[in-house]
Undergrad: 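For reference, the structure I am asking about is given below.
Protein chains get the first letters and strands the later ones, always in sequence-line order, with residue 1 at the start of each. Note that the structure is predicted; figures quoted are calculated from it, not measured.
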Amino acid sequence: MSSSAAQPFWRAAGMTYITYSNLCASLVRQCLKEPYRSEAVSREKVHFNVSKWVDGKPEKPTIRTDTPE
Amino acid sequence: MLRHGSRSLFNRASATSMRRRRQFSTDLPAETVEDTKFVESWKKMNPNMDPPKTPSAYMKPRPPTPANIPSKLTVNLVLPYDSVLSSKEVDMVIVPATTGQMGVLPGHVATISELKPGILSVHEGNDVTKYFLSSGFAFVHANSVADIIAIEATPVDRLDPNLVQKGLADFQQKLNTASTDVEKAEAQIGIDVHSALNAALTG
């Protein structure tokens, strides 16, 4: 029943909806006037820590952060 | 006997009056649905203990579709960081669906639509409030409640036309120089968003 329906161009290029939606949101934020633009900057900050596990042991984590330590 | 004390704390009246401050689309005067077979077999096995509640006992059933079409549409516009409109009673909203501008009136058929970057206009009497949505979804429920979710929703007067024009030109440039699929997709998205912003500012 489910044939591969026509996909939006971004999905065909390998992007997920979340990536697409976040990209649209950040583009809109970049077009805001001051002072709203500076308020919006805080919404784009991310802070996370990813570690890959190999053979049951975690490797060194990579920290991705926009907040100054 | 002490067990029943806590039950009266959560009695229906206080709980529903607390929850009634916001009207959700799943809000209900309701009965909780009970799994009768389970309850009967429990009572046979263990008549002295109350049967445990299953997840379905906590689920609220779908709110009933009112027999008469309500006169107003209840709109909730929520963003990850803010709820811009919360149970606002309006006459109509026009949402920028991927299939085109869609007007939602009270009594609209239940719909789920994906939104493209564009303007959401909320019509209440003679007032029209417009928000530029970055993309999202609109859920219209049979009881005339519309939930619109987006990541960014700004009033149009907060947008800077110069930045929009510049962005549009930049992305058109990027599309010409793009090589991989992902770059092309990103450039195309940039063009789509900026043209929608442009149309919002000039329209």
Side-chain angles (χ1 to χ4, degrees), chain A, chain B residues 79-82 96 98-99 114-120 131-137 149-171 174-175 178-201:
Chain A
M1 181 194 97
S2 58
S3 50
S4 50
Q7 294 176 332
F9 63 90
W10 40 267
R11 195 173 280 282
M15 217 188 268
T16 61
Y17 180 79
I18 293 261
T19 328
Y20 165 71
S21 199
N22 283 334
L23 185 56
C24 288
S26 72
L27 292 172
V28 171
R29 282 186 208 122
Q30 282 162 23
C31 291
L32 289 172
K33 288 181 187 163
E34 294 297 334
Y36 306 108
R37 194 166 176 189
S38 21
E39 288 162 9
V41 168
S42 58
R43 280 182 233 135
E44 299 201 336
K45 294 206 164 123
V46 288
H47 177 104
F48 62 85
N49 180 334
V50 181
S51 34
K52 285 203 201 295
W53 287 65
V54 173
D55 291 337
K57 288 188 175 37
E59 297 191 328
K60 187 145 193 336
T62 49
I63 304 184
R64 161 88 196 277
T65 175
D66 293 328
T67 55
E69 282 308 324
Chain B
L79 311 180
Y81 56 88
D82 187 22
T98 44
T99 51
E114 186 190 339
L115 305 178
K116 63 184 176 200
I119 296 208
L120 168 80
Y131 300 92
F132 185 87
L133 302 180
S134 67
S135 75
F137 284 91
I149 59 173
I151 301 192
E152 281 288 334
T154 57
V156 181
D157 52 15
R158 294 189 189 178
L159 297 168
D160 186 344
N162 296 327
L163 290 172
V164 172
Q165 297 287 17
K166 185 167 168 304
L168 186 56
D170 277 348
F171 279 99
K174 282 189 193 163
L175 185 59
S179 44
T180 65
D181 266 348
V182 179
E183 278 177 29
K184 282 189 200 148
E186 285 180 7
Q188 186 62 50
I189 293 172
I191 294 181
D192 286 344
V193 173
H194 286 270
S195 343
L197 282 163
N198 217 356
L201 286 167

Undergrad: Please name the pair of heavy atoms, one in B/L163 and one in A/L32, separated by the smallest distance, quoted to 0.1 Å.
TA: CD1-O, 3.6 Å
Undergrad: Supply the atom-to-atom distance B/D157 CG to A/Y36 OH, rounded to the nearest 0.5 angstrom.
TA: 7.0 Å
Undergrad: Can you tell which part of B/L197 gets under 4.5 Å to a heavy atom of chain A, answering side chain, backbone, both or neither?
TA: side chain
Undergrad: Let me confirm one number: the CD-CG distance from A/Q30 to B/D170, rounded to the nearest 0.5 Å.
TA: 10.0 Å
Undergrad: Please round to the nearest 0.5 Å and tell me the distance separating atom NE2 of B/H194 and atom CG of A/L27.
TA: 4.5 Å
Undergrad: To the nearest 0.5 Å, tell me how far A/W10 CH2 sits from B/I189 CD1.
TA: 8.0 Å
Undergrad: If we only count heavy atoms from C-beta on, is the B/D192 to A/F9 side-chain gap below 4.5 Å?
TA: yes
Undergrad: SG/A/C31 to CZ/B/R158 distance, rounded to the nearest 0.5 angstrom?
TA: 15.0 Å
Undergrad: If I take atom SG from residue A/C24 and atom NZ from residue B/K116, how far apart are they, to the nearest 0.5 angstrom?
TA: 12.5 Å
Undergrad: Please list all pairs meeting salt bridge (charged side-chain N to carboxylate O under 4.0 Å, His left out) that have one or both residues in residues 7-34 of chain A, counting only residues at least two apart or in different chains.
TA: A/R29-A/E44, A/R29-B/E152
Undergrad: Which one, B/V182, B/I151, B/D181, leads in non-hydrogen pairs under 4.5 Å with chain A?
TA: B/I151
Undergrad: Which region of B/N162, side chain (C-beta onward) or backbone (N, CA, C, O), has a non-hydrogen atom less than 4.5 Å from a non-hydrogen atom of chain A, or is it both or neither?
TA: neither
Undergrad: Identify which part of B/V164 has an atom lying under 4.5 Å from any heavy atom of chain A, answering side chain, backbone, both or neither.
TA: both
Undergrad: Within residues 13-22 of chain A, which residues come under 4.5 Å of chain B, heavy atom to heavy atom?
TA: A/A13, A/M15, A/Y17, A/Y20, A/S21, A/N22
